[in-house]
Number of protein chains: 2
Amino acid sequence: MAVKKIGTQTVKFDSPPVITGTSSIVGPKEGEGPLSSYFDVILKDDLFGEKSWELAESKMLREAVKSAVEKSGKKLSDIEYMFSGDLLNQLMSASFAARDLGIPFYGLYGACSTMTESLSLGAMTVDGGYADNLVAVTSSHFSSAERQFRFPLEHGNQRKLTAQWTVTGAGAAIVSSSGYGPRIDYVTTGKVVDLGIKDANNMGAAMAPAAADTIVKHFEDTGLPTSYYDLIITGDLGKIGKEIAEELVLDKGYDILKNYNDCGLLIFDNKAQDTHAGGSGCGCSASVFCGYIYKEMMKNNINSVLLISTGALLSVTSTQQKQSIPGIAHAVSITNNRC
Amino acid sequence: MAVKKIGTQTVKFDSPPVITGTSSIVGPKEGEGPLSSYFDVILKDDLFGEKSWELAESKMLREAVKSAVEKSGKKLSDIEYMFSGDLLNQLMSASFAARDLGIPFYGLYGACSTMTESLSLGAMTVDGGYADNLVAVTSSHFSSAERQFRFPLEHGNQRKLTAQWTVTGAGAAIVSSSGYGPRIDYVTTGKVVDLGIKDANNMGAAMAPAAADTIVKHFEDTGLPTSYYDLIITGDLGKIGKEIAEELVLDKGYDILKNYNDCGLLIFDNKAQDTHAGGSGCGCSASVFCGYIYKEMMKNNINSVLLISTGALLSVTSTQQKQSIPGIAHAVSITNNRC
């Protein structure tokens, strides 16, 4: 029996899993942004000593796992599952890292929603009694994403003002059955929502309806007031998507104006860094959560967070076939209610 | 505490989830093969009334879900999660189907191992108390896979004898907390294994070490004799991979020669249908399990199965960058031990 299910899309954990350690690695541009001091490693060169951006991205993901394991006081052999994905076709970054790490591996694809997809399934796996320690980890890389989804960088293509800047970054979180750290109390699993946006240069607008849908569902299912959270934060809606999401959530009777922000708006100084509508990519919410949010939670400056990573489920093929862009968002409720 | 974990990579369920219904849809070529009578729908045209192969594949996946829901005696609104993936970049098939179906969605990528990845996570979600009914579903399509991974079909490229034939097919299984049907007793989660094969036309050889690793781990973890199973069946190793896997498993002291087969060898008559080393693709083990195996289990002709879907985690990019092909395999133990 689904005794831990509340409402239609939310799970409330019996034994809320603990995030016992995190680690983040970002590229040079992210290291020059406002959250600079929160990242564990800032690369000087986005090739990271590898021969291709894809291999560099995989190395970032792998090193983030190793560092998070160490920071949580565990050994690599303690980690029972790796829940991971990235933006690359066939998850080249995550798959290759899982090979090198030798951890039993579940590959996930939720586009930029993958960080909360991995945290959701990771938390269900720990609370379900299937593991004591596992890692949830994702990555993205500006250069590997640009050439896969858009244009060769050498093309020097002008970017639309609605476009976002894919974060070069990886974030890993160790999810454990016991230990010290913030806990995952609830997860709300998202549906795919598609209001017909076809502009691949305006993904914030494509993802906003899915984000709003999951946020509203979370409050409906839990009955919590929106003021329960110190911070409600979406993954990478950017400036345009954030405004749409606020409005859509307000339309349903939930006011999140005071405590809502977006990882894609925090990671860059959009004006100074010329990142247009904001940061995006799996690595955006991953590095912002594993860097900034987790560290502020450990200092008790933030005590309750609803993290909603947001994904645009487009592909080059679907765009060429003139299909609209489906969006998805998964929410994870993380608090300092330490038992 | 990980009370349901046995050994290093296996979970034993407290309340083994029930597979209450399945459905399978295949293309014209699969419908001419030896398992023809087991499939629920055989398409006359692999475009399935759509404008592209990718949209046809997504429709197959979607229709397989609807049919499985109906056959299990449920309504679509009873289905709490959809665990699904496919071979297309960014999971175009699964994502678009999830949008149309409106079921909370976890996108998975394990290449051709995705059917047992979805059954594993689905079973953990039901046994964990998070859902009473969910669907595990995958698809593949010969034409969409060929043009994505290999050559345009119009090119008329000659196929190597070691090459496999991607199955046009989808299979959906409803996993429930109660009801009538075979039960999922154990899952063994695979590691990524890579012995250095670089030939994208010999994926059986690339995947065989991962399959062998997971099979051996399953018997080590559970302590079961190999004779426990009426059928041990890999996903799509084909002729070459199957022989390698048999040998690798035997090397570790487990004899599976009498009860081992491969879905990729069952679905086609390789000689008559000119499919070289055998069938492959997510849809191979999905349609063979949801068609042939499930129906034979319901008739009590097969009473215990270890299903090990097998994935080759290559991409066009990783091949162009001269990387080897990592493999992965997840095992699901399904029996007629009805409570």
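Remember, predicted model here, so these are calculated numbers, not experimental data. The chains referred to below are lettered A, B, ... by the order of the sequence lines, with proteins before strands, and numbering in each begins at 1.
- Environment of NZ in B:Lys12: sparse, with no more than 12 heavy atoms of neighbouring residues, nucleotides or ligands closer than 6.0 Å.
- For B:Thr189, the parts lying near chain A are the backbone and the side chain together; criterion is any non-hydrogen pair under 4.5 Å.
- Using a 4.5 Å cut-off between heavy atoms, B:Ser324 touches chain A through backbone and side chain atoms alike.
- Closest non-hydrogen pair, B:Lys191 versus A:Pro104, comes out as CG-N, 3.8 Å.
- Chosen from A:Glu80, A:Lys217, A:Gln9, A:Met82, the residue pairing most often with chain B at heavy-atom distances under 4.5 Å is A:Glu80.
- Considering OH of B:Tyr106 and OH of A:Tyr106, their distance stands at 14.5 Å, rounded to 0.5 Å.
- With chain A as partner, the option from B:Leu88, B:Leu91, B:Val3, B:Leu121 having the largest number of non-hydrogen pairs under 4.5 angstrom is B:Leu121.
- Annotation for A:Pro326 and B:Arg99: closest pair CG-NH1, 4.1 Å, computed over non-hydrogen atoms.
- With sequence neighbours excluded, no residue satisfies side-chain hydrogen bond (donor to acceptor under 3.5 Å, both in side chains) with A:Glu50.
- Contact annotation for residues 134-153 of chain B against chain A (heavy-atom separation below 4.5 Å, listed by residue number): B:Arg147, B:Gln148, B:Phe149.
- Residue contact with chain B, scored on non-hydrogen atoms closer than 4.5 Å, involves the backbone and the side chain of A:Leu108 alike.
- Using a 4.5 Å cut-off between heavy atoms, A:Ile6 does not touch chain B at all.
- Every pair passing salt bridge (Lys or Arg N to Asp or Glu O under 4.0 Å) that includes a residue from residues 119-145 of chain A is listed here, sequence neighbours excluded: A:Lys4-A:Asp127.
- Contacts of A:Gln90 classified as side-chain hydrogen bond (donor to acceptor under 3.5 Å, both in side chains), with partners at least two apart in sequence or in another chain: B:Asn89.
- Interatomic distance, B:Gln321 CD to A:Ser52 OG, rounded to the nearest 0.5 Å: 3.5 Å.
- Taking chain B as the reference chain and counting heavy-atom pairs below 4.5 Å, the highest number among A:Gly128, A:Gly190, A:Gly129, A:Ala94 is found for A:Gly129.
- Interface remark: of the candidates B:Leu314, B:Thr10, B:Val126, B:Leu314 forms the most heavy-atom pairs closer than 4.5 Å to chain A.
- Contact annotation for B:Met1: both backbone and side-chain heavy atoms come within less than 4.5 Å of a heavy atom of chain A.
- Interface residue B:Ala131: only backbone heavy atoms are found under 4.5 Å from chain A.
- Without hydrogens or angle criteria, A:Tyr130 side chain to B:Met124 main chain gives a donor-acceptor distance under 3.5 Å.
- Between the side chains of B:Glu54 and A:Thr317, no donor-acceptor pair of N or O atoms lies under 3.5 Å.
- Among the candidates A:Leu313, A:Val193, A:Leu101, the residue making the largest number of heavy-atom pairs closer than 4.5 Å to chain B is A:Leu313.
- Only the side chain of B:Ser177 comes within contact range of chain A, with heavy atoms under 4.5 Å apart.
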With side-chain contact (heavy atoms from CB on, under 4.5 Å) as the criterion, how do B:Gln323 and A:Leu55 come out once you've worked through the C-alpha distance, each side chain's angles and the decisive distance to 0.1 Å? CA-CA 10 Å; B:Gln323 300 297 308; A:Leu55 294 174; 3.7 Å; yes
